[in-house]
Amino acid sequence: MSLGTILLIVLILLLVGALPTWPHSSNWGYGPTSVLGVVLLIVVILLLMGRL
């Protein structure tokens, strides 16, 4: 597995863990999910461009 694939899997797991539907994150709102979503989007774009 390449570094990009591992990074993508970790970011997806963090994104699921930050969803405000879980009891531990219900007071966080959508802030952490939005930030992780943007980071995930950037990583996917870099993977598709072959820069990562």
Side-chain angles (χ1 to χ4, degrees):
M1 293 179 82
S2 68
L3 180 64
T5 307
I6 293 171
L7 183 62
L8 187 65
I9 291 170
V10 168
L11 284 173
I12 289 172
L13 290 174
L14 286 173
L15 188 64
V16 170
L19 287 174
T21 57
W22 301 98
H24 70 276
S25 63
S26 61
N27 295 329
W28 295 353
Y30 288 100
T33 306
S34 301
V35 171
L36 287 173
V38 169
V39 171
L40 181 64
L41 182 66
I42 292 170
V43 169
V44 167
I45 290 171
L46 287 174
L47 281 174
L48 291 175
M49 290 175 48
R51 303 235 182 210
L52 189 65

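All residue numbers refer to positions in the sequence shown, counting from 1. Just so we're clear, the structure is a prediction, and the values are computed from it rather than from any experiment.
- When each of Ile45, Val44, Leu46 is checked for a side chain to side chain contact (heavy atoms under 4.5 Å, CB included) with Leu48, only Val44 meets the rule.
- Leu13 pairs in a side chain to side chain contact (heavy atoms under 4.5 Å, CB included) with only one of the listed residues (Val10, Val16, Ile9), which is Ile9.
- The two residues Leu14 and Leu36 come nearest to each other via the heavy atoms O-CD1, 3.4 Å.
- Atom CD1 of residue Ile6 and atom CG of residue Leu11 lie 12.0 Å apart, to the nearest 0.5 angstrom.
- Linking Ile, Leu, Val, Met, Phe, Trp and Tyr residues whenever their side-chain heavy atoms come within less than 4.5 Å leaves Val35 and Ile42 in two separate clusters.
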